[in-house]
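Beneath this line is the structure, given in structure tokens, with notes to follow.
Chain letters run A, B, ... following the sequence lines, proteins first and then strands; every chain starts at 1.
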There are 2 protein chains.
Amino acid sequence: MEKKTRSDCPISCSLDVFGDKWSLLIIRDVMLRGKLSYSEFLTSEEKIASNILVNRLNVLEEENILIKEVSATNKSKFVYSLTQKGADLLPIVIEIMDWGAKYNEQCPRRDLGKQIKKDKAGVIKELSQALKKKVK
Amino acid sequence: MEKKTRSDCPISCSLDVFGDKWSLLIIRDVMLRGKLSYSEFLTSEEKIASNILVNRLNVLEEENILIKEVSATNKSKFVYSLTQKGADLLPIVIEIMDWGAKYNEQCPRRDLGKQIKKDKAGVIKELSQALKKKVK
DNA sequence: AAATAGCTCTTGCATTTTGCAATAACTTTG
DNA sequence: CAAAGTTATTGCAAAATGCAAGAGCTATTT
């Protein structure tokens, strides 16, 4: 499997991995919403198509951002969790949320948004701690 | 021009605007590399196609992230600069660069990358100051 | 063991976006 | 006027996306 990177710029390389409209929403679901499985991702409000979802999950797994395991409670089900590499996307996700909450009037500054405005570093620290326990 | 947002999640809304493989590279060129014009963006190492570039510049202008003005030195040339909204993308760009430098071995941790590792907050602060003078 | 239900993944097809090459339209420069 | 520089457009092929249907697998129920 050869990778086609457009350049050796770290930003460009990162965007080669998750620079699309869906990957970071899946990461968000795992990271901030406790979603774990294909069926949960599929029912998120943005309504990702099933073939796109499978494709992105596979890419994120190949890139070692997500890990796929058989569910402990239901052996016909898979659960996805973040690797350390995936958990380290948290600051990116937070900054994107912060910017979006600030500049998109259609997207009310809810929940985390308000909290981030007050204390971004605190929120990141707190969520990092929480993730640390879940990282595979 | 109606906007089609997939949801009212700030992350989703943000990705609706710049969630593609090119927009943030243009932002990077303006923000970190002092590039100003169509022709400069066109010659970046990632080799964006001219039609994509025109499309993204138009979107970024419509979104009030970039401002397009006639060059002072060459009246047949346009120069782009960041608005405050565009300059506020700096933390996102920095975090993406940081992650990319950490996890992509093909993308050597150069220049800013090393500096960010040592003192991310300092780098952001310094670049913010520099941008503040240039924002339109 | 057969039927049912839940979950993941695949397929086919239409639509949209992207990539690439050529070039048009315009302005400044010599 | 000619040449060079700059931005934008067009046509066509390739790739990605959206949507609908359903196949394959496992666990549960009867």
Side-chain angles (χ1 to χ4, degrees), chain A residues 1-7 12 15-27 29-30 33-63 66-81, chain B residues 1-7 12 15-27 29-30 33-63 66-81:
Chain A
M1 168 143 303
E2 90 275 16
K3 279 184 202 162
K4 9 181 177 178
T5 58
R6 291 172 293 177
S7 78
S12 172
L15 294 176
D16 285 338
V17 175
F18 59 75
D20 67 89
K21 291 202 184 300
W22 294 110
S23 296
L24 284 178
L25 292 184
I26 297 172
I27 302 292
D29 281 350
V30 181
R33 301 189 174 180
K35 295 195 175 187
L36 298 175
S37 65
Y38 175 91
S39 54
E40 289 175 301
F41 303 141
L42 202 59
T43 57
S44 279
E45 52 189 341
E46 290 87 8
K47 305 243 174 293
I48 186 170
S50 66
N51 52 348
I52 307 288
L53 175 56
V54 168
N55 174 268
R56 292 306 181 281
L57 287 173
N58 288 338
V59 170
L60 291 173
E61 194 187 0
E62 284 166 18
E63 291 287 341
L66 293 179
I67 281 188
K68 178 183 187 176
E69 295 168 305
V70 173
S71 165
T73 59
N74 180 340
K75 286 179 187 168
S76 73
K77 189 174 179 177
F78 295 107
V79 292
Y80 293 86
S81 50
Chain B
M1 170 143 302
E2 89 273 18
K3 284 187 195 158
K4 8 179 177 180
T5 59
R6 290 172 293 176
S7 78
S12 172
L15 294 176
D16 284 338
V17 175
F18 59 76
D20 68 271
K21 292 199 183 304
W22 294 109
S23 296
L24 284 178
L25 292 184
I26 297 172
I27 302 292
D29 281 350
V30 180
R33 301 189 174 179
K35 295 195 176 188
L36 299 174
S37 65
Y38 175 91
S39 53
E40 288 175 302
F41 303 142
L42 203 58
T43 57
S44 279
E45 51 187 343
E46 290 88 6
K47 306 246 172 292
I48 187 171
S50 66
N51 52 348
I52 308 288
L53 175 56
V54 167
N55 175 269
R56 291 307 180 283
L57 287 173
N58 288 338
V59 170
L60 292 173
E61 194 187 359
E62 284 165 18
E63 291 287 342
L66 293 180
I67 281 188
K68 179 183 186 176
E69 295 168 304
V70 173
S71 166
T73 59
N74 180 339
K75 286 178 187 170
S76 77
K77 191 174 178 177
F78 295 107
V79 292
Y80 292 86
S81 50

Report summary line: In short, A:Ser71 meets A:Val79 closest at the heavy-atom pair CB-CG1, 3.9 Å
Produce the list of close N/O pairs, under 3.5 Å, pairing protein atoms with atoms of nucleotides 24-30 of chain D; give distances to one decimal.
none

Report task. Return the value, rounded to whole Å, for the distance between atom CG of B:Leu53 and atom C1' of D:dT7. Result -> 10 Å
Query raised in the report: Just how far, in rounded Å, is P of D:dT6 from OH of B:Tyr80?
Result: 14 Å
Query raised in the report: So do B:Glu63 and B:Leu60 actually touch side chain to side chain, heavy atoms under 4.5 Å?
Result: no
Requested in this report: Spell out yes or no: do the side chain of B:Ser50 and the base of D:dT9 have one donor N/O and one acceptor N/O closer than 3.5 Å?
Outcome: yes
Query raised in the report: Salt bridge check: are A:Arg33 and A:Glu45 linked by an N-O gap of less than 4.0 Å?
Result: yes
Query - A:Lys35 to A:Phe41, cation-pi by 6.0 Å centre distance and 45° axis angle - result: no
Query - B:Lys68 NZ/CZ over B:Tyr80 ring centroid, <6.0 Å and within 45° of normal - result: no
Report summary line: 5'-most contact on DNA chain D (nearest-nucleotide basis), B:Val79 vs B:Arg6, goes to B:Val79
Query raised in the report: Rounded to the nearest 0.5 Å, how far does NZ of B:Lys47 lie from OG of A:Ser7?
Result: 10.0 Å
Query raised in the report: From A:Ile48 CD1 over to A:Leu53 CG, what is the distance, rounded to the nearest 0.5 angstrom?
Result: 5.0 Å
Query - Qualifying residue, where the test is side-chain contact (heavy atoms from CB on, under 4.5 Å) with A:Leu66 and the options are A:Asn58, A:Val30, A:Val59 - result: A:Val30
Query raised in the report: What parts of residues 34-44 of chain A reach DNA chain D, counting only heavy atoms under 4.0 Å away?
Result: none
Is a donor on one side and an acceptor on the other found under 3.5 Å between the side chain of [X] and the backbone of [Y]?
X       : Y       : result
A:Glu40 : A:Leu36 : yes
B:Ser44 : B:Glu46 : no
A:Asn55 : A:Asn51 : no

Between side-chain atoms of residues 18-26 of chain A and protein atoms elsewhere (two or more places apart, or another chain), which donor-acceptor pairs fall under 3.5 Å?
{"from": "A:Asp20", "atom 1": "OD1", "to": "A:Trp22", "atom 2": "N", "distance (Å)": "2.7"}
{"from": "A:Asp20", "atom 1": "OD1", "to": "A:Ser23", "atom 2": "N", "distance (Å)": "3.0"}
{"from": "A:Asp20", "atom 1": "OD1", "to": "A:Arg56", "atom 2": "NE", "distance (Å)": "3.3"}
{"from": "A:Asp20", "atom 1": "OD2", "to": "A:Ser23", "atom 2": "OG", "distance (Å)": "2.6"}
{"from": "A:Lys21", "atom 1": "NZ", "to": "B:Leu15", "atom 2": "O", "distance (Å)": "3.1"}
{"from": "A:Lys21", "atom 1": "NZ", "to": "B:Asp16", "atom 2": "O", "distance (Å)": "3.3"}

What protein N or O atoms touch nucleotides 15-17 of chain D N or O atoms at under 3.5 angstrom, if any, and at what distances?
{"from": "D:dT17", "atom 1": "OP1", "to": "A:Arg56", "atom 2": "NH2", "distance (Å)": "2.7"}
{"from": "D:dT17", "atom 1": "OP2", "to": "A:Arg56", "atom 2": "NH1", "distance (Å)": "3.4"}
{"from": "D:dT17", "atom 1": "OP2", "to": "A:Arg56", "atom 2": "NH2", "distance (Å)": "2.4"}

Query raised in the report: Once Watson-Crick and G-U wobble pairs under 3.5 Å are found, how is DNA chain C written in dot-bracket notation, 5' to 3', with | for any base paired to another strand?
Result: ||||||||||||||||||||||||||||||
Requested in this report: For B:Lys68, answer base if it contacts any base atom (sugar-phosphate contacts may also be present), sugar-phosphate if it contacts only those atoms, and nothing otherwise; contact means non-hydrogen atoms under 4.0 Å.
Outcome: sugar-phosphate
Report task. Please find the earliest and latest nucleotides of DNA chain C, in the 5' to 3' direction, that have an atom within less than 4.0 Å of any heavy atom of chain A. Result -> C:dC7 to C:dG12
